[in-house]
Asker: 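Starting off with a structure, shown below.
Here is how names work: the chains are called A, B, and so on, in the same order as the sequence lines, proteins then strands, and each is numbered from 1.
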Amino acid sequence: MNDRISQLLKRTPGAAVVTAEGWVRTKRESKNVCFLEINDGSCLKGLQAVVDLADFTDGPLLARITTGAALTCTGTLVASPGENQEVELRVESITLHGEAPADSYPLQKKRHTLEYLREIAHLRARTNTMGAVARVRHAVSYAVHSYFNEKGFYYVHTPIISTSDAEGAGEQFQVTTFDLDAIPRTPEGTIDYAADFFGKKAALTVSGQLQGETYALALKNIYTFGPTFRAENSNTKRHLSEFWMIEPEMSFCTLEGNMTVAEEFLKSVFSYVLDHCADDMAFFSQWVEKGVADTLRTVVDTPFAHMTYTDAVAELVKSNDTFDFPVHWGSDLQTEHERFLTEQVCKGPVIVTDYPKEIKAFYMKLNDDGKTVRAMDVLVPRLGEIIGGSERESRLDVLTTRMTDLGLDPSDYWWYLDLRRFGSVPHAGFGLGFDRAIQYITGMQNIRDVIPFPRAAKQAEF
RNA sequence: UCCCCUGUAGCUCAGUCGGUAGAGCAGGUGGCUGUUAACCACCCUGUCGGCGGUUCAAAUCCGUCCGGGGGAGCCA
């Protein structure tokens, strides 16, 4: 394989013949030379290829090269007399693989809105912004695996198809092989799921946590990192029907250890991106969200503050007149409250713990006060909650009581409860919405622009 | 799902009090030029989202449907 353009740009000028492959971003013609900026997605910058018109006689070929065309150029790397690049390619030969006729190619050499680019999602990866998002998304994925690997966590592939009828985390997409025009019925007239592919009602997963816990209670420390599906008809800039989620789970671990890992994990990932995607982060800081790289650096450098929900509410109540939704003990925190805590009260990341049990999930460990649970939310400036997690309820009796109180049938969770019957141990974990993390890191306003092919209600064209 | 805004040239938008449309960019041609948001001149482009209604006359007013954006709820 030939060198990527990112590698060519780091080389020093020399007599060796090199090959550059990529797509033309822009073409500028002068009397004696023609400049082609070639980009292959390996970095933000393109390689300037210079065609000397005195030597290059194939004018018709040059005329067919327009913005978007795919080329292989060979030549030598020379020091550039121009201001914006160290080296440039002095072209000796060009192979034009695919043309991109200017009158029909949807990407023009001008700025396009993100809304327009969403309509041509199959081509938008060729833009500066989407290319940078793609590289950062890759780097963050790598950093996530790298962090957990170094810390002795095992990557567990939890199922995409779930038959737990009561995961309770949201509307599910049903999975069936039924002929929808002739759905089998029981004698009583209800749908006969026993006749369906899995023999029971099945759906796409809304969380890998419950299955993740089973492996944490065997391998001690595990994490999941996979797609998740919610069939909610929510149309916002931070929701997708199909998104990626990271869920670590740790045995022999309480809420304190959970907080330590969450902080270390975030800092490790942010730090990796800042170090390895400096150009892309500078691009986001300049064009997408002013100073977003500095915000990340601050998160990396600042020890996370800790406060209980009760203390947080006490702080918020002092400023209740500034909120659209005033706070009282027992109410869920809105984004405006979360941002106030992290931006005004703590002036940095903060982990809020011990929420009222009424506003948290059934599996969270009940505190001795009987009113709060060992939950934690990690709040960061500009966004609010970025991580939610908890110590899990490891006591069988307390857990079944909680489920019954909430109207859940413990028998639906028999295997989950077995984890508390056999070798139960304090354990904890948290969840991070991967795409939202990418939003936070890049400053991109709409989650549909940080995933290659967004799925949302009425949106699955590509 | 609810509320608000919006839909006009390839793209981004303007269009007054109802009188069938314009600017920038992109594209084309020519000129200039080691250019890099290239520059200068000229040229081309429209079922004004769809359907229906009011009116002598609708991009403009009304109804409805469809698309897009923002906010809320829900959440990751």
Asker: Looking at every strand, decide which applies to Gly82(A) at a 4.0 Å heavy-atom threshold: base, sugar-phosphate, or nothing.
Answerer: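 Result for Gly82(A) = base.
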Asker: Would one find a side-chain N or O of Lys237(A) under 4.0 angstrom from OP1 or OP2 of G71(B)?
Answerer: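 Yes, because at least one side-chain N or O of Lys237(A) sits under 4.0 Å from OP1 or OP2 of G71(B).
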Asker: Please state whether the phosphate of G70(B), meaning OP1 or OP2, lies under 4.0 angstrom from any side-chain nitrogen or oxygen of Asn446(A).
Answerer: yes
Asker: Now, which nucleotide makes the Watson-Crick or G-U wobble pair with C42(B), with each of the two distances under 3.5 Å?
Answerer: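 Result: G28(B).
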Asker: With rounding to whole Å, what would you report as the distance between U55(B) and G68(B) at their P atoms?
Answerer: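 To the nearest whole Å, 35 Å.
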Asker: Using the P atom in both, what is the distance from C62(B) to U6(B), to the nearest Å?
Answerer: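 After rounding to an integer number of Å, I get 12 Å for this pair.
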Asker: If I pick the C1' atom on G28(B) and the same atom on A9(B), what distance separates them, to the nearest angstrom?
Answerer: 15 Å
Asker: Starting at the 5' end of RNA chain B and moving along, which residue's nearest nucleotide shows up first, Val50(A) or Ala102(A)?
Answerer: Ala102(A)
Asker: Reading nucleotides 4-12 of chain B from the 5' end, what letters show protein touch, with B for base, S for backbone sugar-phosphate only, - for no heavy atom under 4.0 Å?
Answerer: ------BBS
Asker: When the P atoms of A58(B) and U20(B) are considered, how many whole Å apart are they?
Answerer: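 These two P atoms come out 11 Å apart once rounded.
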Asker: For U33(B), does either OP1 or OP2 sit under 4.0 Å from a side-chain N or O belonging to Arg28(A)?
Answerer: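 For U33(B), OP1/OP2 do not have a side-chain N/O of Arg28(A) under 4.0 Å.
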Asker: Closest-nucleotide mapping onto RNA chain B: is Leu240(A) or Gln48(A) further toward the 5' terminus? I mean the 5' end.
Answerer: Gln48(A)
Asker: Measure the acute angle between the ring planes of Phe225(A) and Trp244(A), then classify it against the limits of 30° and 60° as parallel, tilted or perpendicular.
Answerer: perpendicular
Asker: With a 4.0 Å cut-off on heavy atoms, is Glu37(A) in touch with a base, just the backbone sugar-phosphate, or nothing at all?
Answerer: nothing
Asker: With P as the reference atom in both, quote the distance from G46(B) to A57(B) in angstrom, rounded to an integer.
Answerer: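 Their P atoms lie roughly 26 Å apart.
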Asker: When rounded to the nearest Å, what value does the distance between C1' atoms of G10(B) and G70(B) take?
Answerer: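 Comparing C1' positions in G10(B) and G70(B) gives a spacing of 26 Å.
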Asker: Regarding U35(B), can its base be found pairing with the side chain of Gln85(A) as donor and acceptor, where the two atoms are less than 3.5 Å apart?
Answerer: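 Per atom types, the contact qualifies.
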Asker: Which one is paired to U1(B), where only Watson-Crick or G-U wobble pairs with both distances under 3.5 angstrom count?
Answerer: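 WC or wobble partner is A72(B).
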Asker: Select base, sugar-phosphate, or nothing to describe what Asn235(A) touches, counting heavy atoms under 4.0 Å on all strands.
Answerer: base
